[in-house]
A.B. asks: 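Here's a structure for you.
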Number of protein chains: 2
Amino acid sequence: MSSRAATRVFQGIEEEIATGLLKDGEKLDEATLAERFDVSRTPVREALLQLVGSGLATQIPKRGCFVRSPSFREVIEMFEVMSELEGLCARLAARRISEAQLKRLKQANAGCEDAIAQGDSDLYYANNVQFHECIYEACGNTFLADETRRLRRRLQSFRRLQLRVRGRMPQSLDEHHLIIDAIESGLAEKADELSRTHVMIQGERFNDLLMHMEQAH
Amino acid sequence: MSSRAATRVFQGIEEEIATGLLKDGEKLDEATLAERFDVSRTPVREALLQLVGSGLATQIPKRGCFVRSPSFREVIEMFEVMSELEGLCARLAARRISEAQLKRLKQANAGCEDAIAQGDSDLYYANNVQFHECIYEACGNTFLADETRRLRRRLQSFRRLQLRVRGRMPQSLDEHHLIIDAIESGLAEKADELSRTHVMIQGERFNDLLMHMEQAH
DNA sequence: GGTGAAATTATCGTATACAAAAATAAGATG
DNA sequence: CATCTTATTTTTGTATACGATAATTTCACC
């Protein structure tokens with residue numbers, strides 16, 4: 001955790017948006033937030049600026065900031081882009097990965113297997129992050145890796161829910177194995193294709209999940 | 001022009017970085033900038049935050065902000081991502097473009113032809129922007145379009161130089177024609193492939209340009 | 001003369017104060 | 001009673017003031 005109040009507020013608001021405490025369209029009142037986080041308006045304003053920068057809020061001049069949860073359509077659009085970026089990472093990784101990186105990639109996946117054996121979805125989540133992180137590093141394009149992480153972060157809250165969807169974890173693991181094989185064999189196009197569908201399936205699962213949640217209502 | 005001082009300062013610094021007045025690694029001193037733009041430190045700090053957010057500066061806690069021009073390697077990396085995004089835009093556009101959008105796409109390209117006939121590189125640049133803008137709109141993915149524009153904007157200063165490279169404009173136009181044909185025929189994969197190479201050639205040309213500039217020294 | 005510690009200085013990060021603009025409420029007029 | 005105008009209030013955007021931390025300088029000691 002950073003010692004800066006501004007980042008504390010930023011992460012705080014970010015989390016409240018993710019957990020649904022702050023809903024879409026809700027006004028982010030500077031004075032109220034300042035009081036709630038027990039700081040002055042200055043760090044709150046800095047946090048709001050960063051929120052706008054990362055797309056979680058919109059700012060209307062002289063009218064204030066408002067929560068901007070992406071619409072259903074927008075989430076699908078983000079998954080469409082995410083699948084492309086992940087695909088590119090995998091394609092490049094297939095050409096550029098080192099032995100050490102490949103080893104770590106396999107270790108991360110082994111961690112995923114253990115998590116499934118233990119039925120621990122949080123542990124799976126952590127190892128899954130590692131798995132993808134290995135590919136990002138192996139792609140040899142720092143800018144691409146950063147951009148992909150950024151988008152992954154934005155999709156995080158939607159992604160985490162998906163793992164709870166029945167039967168997703170074992171299927172995800174199967175896909176990981178195929179991706180590793182393709183990368184290890186240097187089959188760039190195959191690794192790309194597999195990764196793209198790996199992500200797009202998550203997008204579709206998100207769709208299923210929404211349907212399910214709407215039915216529950 | 002915005003009425004906000006913060007955005008004025010942001011755009012001002014942005015331009016000074018683009019024109020080379022502020023060089024890589026140079027310190028962005030809050031007090032100095034405040035005096036130069038005739039505002040207080042508050043809007044300067046907001047501008048710096050935005051600069052950091054858009055990757056033009058880095059911030060070291062308790063030590064201040066510094067200009068962060070992308071390295072040669074990073075520019076190449078950005079082109080690598082850009083080519084992928086442009087490719088995705090074209091692939092989706094091939095599936096989703098409307099008649100009206102296709103018409104505007106052809107008009108933009110006709111504008112490019114005129115510009116070449118007149119030998120006007122600025123006019124070519126303007127119509128070229130229109131050409132790509134049409135594809136962004138036609139891809140039917142607002143998020144993708146926004147992200148691609150964002151990256152295009154960051155590469156702008158490097159891109160503009162390239163058109164001056166000998167023989168680039170006519171070649172670029174040929175590529176446009178092929179892309180239009182692929183999109184019109186609904187050949188998604190072909191449109192993707194053509195667009196990707198279209199951008200990557202620019203990356204390579206940027207490479208050539210750098211070599212040339214280094215020789216001139 | 002060189003090295004290390006303490007004092008000084010500078011700058012960042014935050015709080016508060018003020019000004020300007022917009023939203024809201026109140027009142028007058030038809 | 002509705003509507004337009006005007007006054008009040010709320011809130012944003014900017015300036016200034018202050019405290020804390022890191023960089024720098026000074027000075028003692030080896």
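In this text the structure is predicted, and so the values were computed from the model without any measurement. No hydrogens, no waters, no symmetry mates; every other heavy atom, side chains included, goes into these values.
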A.B. asks: Examine distances only and state if a side-chain atom of A:Glu77 and a backbone atom of B:Phe143 form a donor-acceptor pair shorter than 3.5 Å.
C.D. replies: yes
A.B. asks: Which pairs, protein N/O on one side and nucleotides 21-25 of chain C N/O on the other, fall under 3.5 Å?
C.D. replies:
residue	atom	partner	partner atom	Å
C:dA23	OP1	A:Arg63	NE	3.0
C:dA23	OP1	A:Arg63	NH1	3.3

A.B. asks: Describe, in one word, how the ring planes of B:His132 and B:His176 are oriented to each other, choosing from parallel (under 30°), tilted (30 to 60°) and perpendicular (over 60°).
C.D. replies: perpendicular
A.B. asks: Has the side chain of B:Arg196 got a donor or acceptor atom that lies under 3.5 Å from a matching backbone atom of B:Glu84?
C.D. replies: no
A.B. asks: Give a yes or no on whether the backbone of A:Leu123 and the side-chain of A:Asn127 come within a donor-acceptor separation of less than 3.5 Å.
C.D. replies: yes
A.B. asks: What is the distance, rounded to the nearest whole Å, between atom CD of A:Glu46 and atom C1' of C:dC12?
C.D. replies: 10 Å
A.B. asks: Of the candidate nucleotides C:dA15, D:dG13, D:dA15, which contains the atom at the shortest distance from the side chain of A:Ser40?
C.D. replies: C:dA15
A.B. asks: Can you tell me how far P of C:dG13 sits from CG of B:Asp29, to the nearest Å?
C.D. replies: 12 Å
A.B. asks: Using whole Å, report how far CZ of B:Phe10 lies from P of D:dT14.
C.D. replies: 15 Å
A.B. asks: How many whole angstroms separate atom CG of B:Leu28 from atom P of C:dG13?
C.D. replies: 13 Å
A.B. asks: D:dT14 C1' sits how many Å from B:Leu33 CG, rounded?
C.D. replies: 16 Å
A.B. asks: Nearest whole Å is fine: how far is D:dT11 C1' from A:Phe66 CZ?
C.D. replies: 11 Å
A.B. asks: Take the protein atom CZ of A:Arg4 and the nucleotide atom P of C:dC12, then report the distance between them rounded to whole Å.
C.D. replies: 11 Å
A.B. asks: Are any of B:Thr42's side-chain N or O atoms less than 4.0 Å away from OP1 or OP2 of D:dT14?
C.D. replies: no
A.B. asks: Please name all residues satisfying ring-ring contact (aromatic ring centres under 6.0 Å, His included) with A:Tyr136, sequence neighbours left out, ordered by chain then number.
C.D. replies: none
A.B. asks: Closer than 3.5 angstrom, by distance alone: can the side chain of A:Asp24 be matched with the main-chain N or O of A:Ser69 as a donor-acceptor pair?
C.D. replies: yes
A.B. asks: Look only at the side chain of B:Arg41 and the backbone of B:Ala31, and say whether a donor-acceptor pair between them is shorter than 3.5 Å.
C.D. replies: no
A.B. asks: Check the distance between C:dA10's C1' and B:Glu30's CD and give it to me in whole angstrom.
C.D. replies: 12 Å
A.B. asks: What nucleic acid atoms does B:Ala31 come within less than 4.0 Å of, heavy atoms only: base, sugar-phosphate, or nothing?
C.D. replies: nothing
A.B. asks: Any side-chain N or O of A:Lys27 less than 4.0 Å from the OP1 or OP2 oxygen of D:dT12?
C.D. replies: yes
A.B. asks: For C:dT11 and B:Gln59 - does any side-chain N or O of the residue sit under 4.0 Å from the phosphate oxygens OP1/OP2?
C.D. replies: no
